Amino acid sequence: MSAESPAPRPTGWEPELAELELRTRLVQQMGGPEGVARQHSNGKLTVRERLDLLADAGTLREFMSLMGSASYVDGELRSLTPKASVDAFCQVEGRKIVVAGGDFTVRGGSGGGGHGGLGMELSASRRALEWRVPYVRLLDAAGGSVRSFEEIGRTYLPDGNSFTLPDVRLLRAVPVVSAVLGSVAGLPAVNACVAHFNVMVKGTSQLFPGGPPVVKAALGYDVTKEELGGSEMHTTVSGVVDNLAETEQEAIAMVRRFLSYLPSSVWEMAPRAQTGDDPARREERLLRIKSKDPRRAYDARQLVECIVDRGSFFEIAPRYGRARTTGLARLNGYPVGVMANNPMFGAATDVAAGEKVARMIQLCDTFHIPVIDFADEPGFMVGIESEKKGIERAGARLVITTCDSQMPWATVVVGQLYGVAGQCHHRPTGMFQRYAWPSANWGSMHVEGGAFAAYRREIESAPDPEAKQREIEKRLKDLASPFRTAEATGQDIIDPRETRRLLCEFVEEAQPILRSQLGPTAVPYRP
Amino acid sequence: MEVRSVVQGRVVDIVAAIGTSVEAGDDLVIVESMKMEVPIQAPQDGSVTEVRVGIGDAVEEGTVLVVLG
């Protein structure tokens with residue numbers, strides 16, 4: 001090619017192309033250098049820096065990007081401030097998604113700035129719904145502002161559901177993820193939970209319907225943003241946010257990782273990955289993790305990590321409802337949902353753990369991935385605290401969610417399996433397989449405690465009631481060997497070291513069933 | 001730092017007495033909950049400066065069990 005290529009001949013369109021270039025450059029500046037500097041000094045990335053972390057390199061395709069507030073002098077463009085979000089298609093590990101990234105540098109990420117009407121282009125959430133691709137919110141917004149009253153010269157009815165409706169419909173169609181990356185209030189705070197997974201960043205992100213000034217005005221006390229809606233509150237006490245990230249980089253890496261286990265929509269199969277882990281791998285360690293002493297607690301996460309493909313376990317909500325460990329993982333490359341009672345945190349399903357597990361079952365049912373359940377269930381949590389929180393209603397929800405689900409489900413009974421919570425590790429319909437380790441023991445209730453209730457008169461009228469109770473308990477315990485149940489019901493008892501191989505086979509066998517179940521489920525996902 | 005119970009239950013053993021040096025992950029107190037013995041472990045290295053519970057005490061999730069200095 002010649003070094004001096006001739007200048008292209010003018011076409012007459014040069015001014016329009018220059019204006020397009022100018023407007024594109026102006027919106028790239030977000031809220032301007034001061035706003036960007038403030039964002040950085042607050043320890044936060046700008047929306048464009050976040051998008052660079054989320055999207056595969058070179059795949060970002062913005063839409064509605066020229067929308068904003070412009071000013072003109074004599075018909076000439078003087079300034080253009082973009083709307084307070086960057087909306088785009090991009091790819092994550094080679095698959096298309098839609099992302100809506102709040103821009104705090106523009107009016108604190110608050111709505112307004114572009115007053116749409118007839119002719120308005122399709123919103124980001126509507127596109128995700130119609131294109132059937134995952135939807136990611138990067139939330140950094142303060143919600144509605146009374147400033148908009150002055151701009152439009154009136155107040156308005158809070159009819160936000162008109163534009164939240166697609167977000168609701170998305171939950172039964174495509175994976176939806178919210179990353180909370182700043183102080184998020186109002187509708188965006190609620191949208192944080194209209195999702196299948198959410199994550200927040202330690203120290204720089206908070207979530208509340210109304211922040212400290214609103215609390216002060218309504219209730220008269222002072223509270224900091226962090227105390228009110230920081231990560232300690234939401235990832236351990238309220239459970240409103242699943243995962244905690246130390247940095248924004250880690251939060252966005254979690255978003256990418258969560259999506260990697262799920263299909264693009266409920267009409268597609270979840271993607272298999274090559275993990276290189278032998279499906280027949282036998283783990284001797286399992287015989288030590290589960291001690292011969294049935295009272296000795298173990299960490300269920302160790303057990304799960306031994307069995308699933310190496311390095312594939314992604315834990316969800318690790319700091320909340322810890323009696324149940326939940327997450328996504330792979331078996332022979334196929335995505336699975338995992339839940340396990342965790343004796344390190346008491347193992348008994350309480351209200352928090354029950355809600356967490358119900359969400360995991362619904363996630364798997366919605367996106368057609370098998371559930372793998374490691375049961376060591378002492379029963380629903382008893383006691384006054386548990387009653388105050390409403391354990392029966394949480395139990396009812398878990399029973400209903402279990403029975404209503406359809407995806408293939410395998411339970412491995414590792415230790416205890418008692419009561420109605422124990423019953424929630426079994427589904428009487430569909431492709432359901434249960435294996436039990438020789439360490440398993442079960443019943444409608446525990447022998448201790450149960451013996452006194454059932455044999456009260458016999459015990460109380462004995463010359464030595466304590467000895468009588470011990471005698472009855474021994475009699476009952478002698479019946480508790482799982483092999484006695486296997487004789488009668490055919491329950492499969494397995495060598496724990498065979499667990500991985502059997503589960504990998506189960507997940508392989510589940511694939512045609514999952515394919516036949518593609519599409520929306522009868523019961524919609526409830527976050 | 002205050003080390004709290006992760007479960008509600010009853011204290012059945014105090015493994016680390018006042019003055020004991022512990023490493024992260026060492027058992028401090030054993031709480032029995034729903035017939036499981038749950039070890040409450042040191043989140044970091046330190047020495048036990050206070051033990052706030054006795055064997056047989058009923059504790060809630062979040063009750064401070066020991067203080068590490």
Side-chain angles (χ1 to χ4, degrees), chain A residues 232 236-237 290-291 293-300 302 318-325 341-353 376-389 391 414-419 421-422 439 441 443 445-450 473 477 480, chain B:
Chain A
E232 253 333 276
T236 69
V237 181
K290 178 65 191 170
S291 164
D293 175 0
R295 302 173 81 83
R296 182 74 198 162
Y298 59 90
D299 190 346
Q302 284 183 7
R319 297 152 59 88
Y320 179 73
R322 292 179 293 183
R324 291 282 200 106
T325 297
N341 292 91
N342 196 343
M344 280 305 261
F345 297 99
T349 299
D350 56 9
V351 170
D376 198 340
E377 179 68 72
F380 281 127
M381 192 70 206
V382 299
I384 287 174
E385 283 311 307
S386 198
E387 296 303 335
K388 282 184 187 166
K389 289 174 183 156
I391 187 66
V414 171
Q416 309 182 75
L417 195 70
Y418 287 95
S439 45
N441 56 100
M445 75 184 289
H446 283 269
V447 168
E448 302 149 32
E473 283 178 1
K477 279 183 173 169
Chain B
M1 81 171 302
E2 293 177 334
V3 180
R4 295 167 188 271
S5 181
V6 298
V7 288
Q8 70 165 284
R10 195 168 51 90
V11 174
V12 293
D13 196 6
I14 292 169
V15 186
I18 291 179
T20 316
S21 290
V22 294
E23 289 178 17
D26 284 357
D27 292 357
L28 301 175
V29 172
I30 309 293
V31 177
E32 187 191 271
S33 177
M34 301 290 282
K35 310 201 180 356
M36 291 298 287
E37 290 177 355
V38 178
I40 308 302
Q41 298 172 335
Q44 60 184 47
D45 297 357
S47 68
V48 178
T49 57
E50 269 183 72
V51 176
R52 298 238 183 119
V53 289
I55 289 176
D57 285 2
V59 295
E60 295 296 331
E61 180 178 350
T63 302
V64 176
L65 304 176
V66 304
V67 178
L68 291 183

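Protein chains get the first letters and strands the later ones, always in sequence-line order, with residue 1 at the start of each. Just the heavy atoms: all of them, side chains too, but no hydrogens, waters or symmetry mates, feed the values below. Given the structure is predicted, the values throughout are model-derived calculations rather than measurements.
- Across B/V38 and A/G346, no two heavy atoms sit closer than the pair CG2-N, 3.8 Å.
- Contact detail for B/M34 and A/P378: the closest heavy-atom pair is O-CB, 3.7 Å.
- Near-neighbour residues of residues 42-51 of chain B relative to chain A, defined by a heavy atom under 4.5 Å from a heavy atom of that chain, are none.
- Minimum interatomic distance between A/P294 and B/M36 (heavy atoms only, all atoms of both residues): O-SD, 3.5 Å.
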Polar pairs (donor with acceptor) under 3.5 Å from chain B to chain A:
from, atom 1, to, atom 2, distance (Å)
B/E32, OE1, A/R295, NH2, 2.2
B/E37, N, A/R295, O, 2.8
B/E37, O, A/A297, N, 3.4

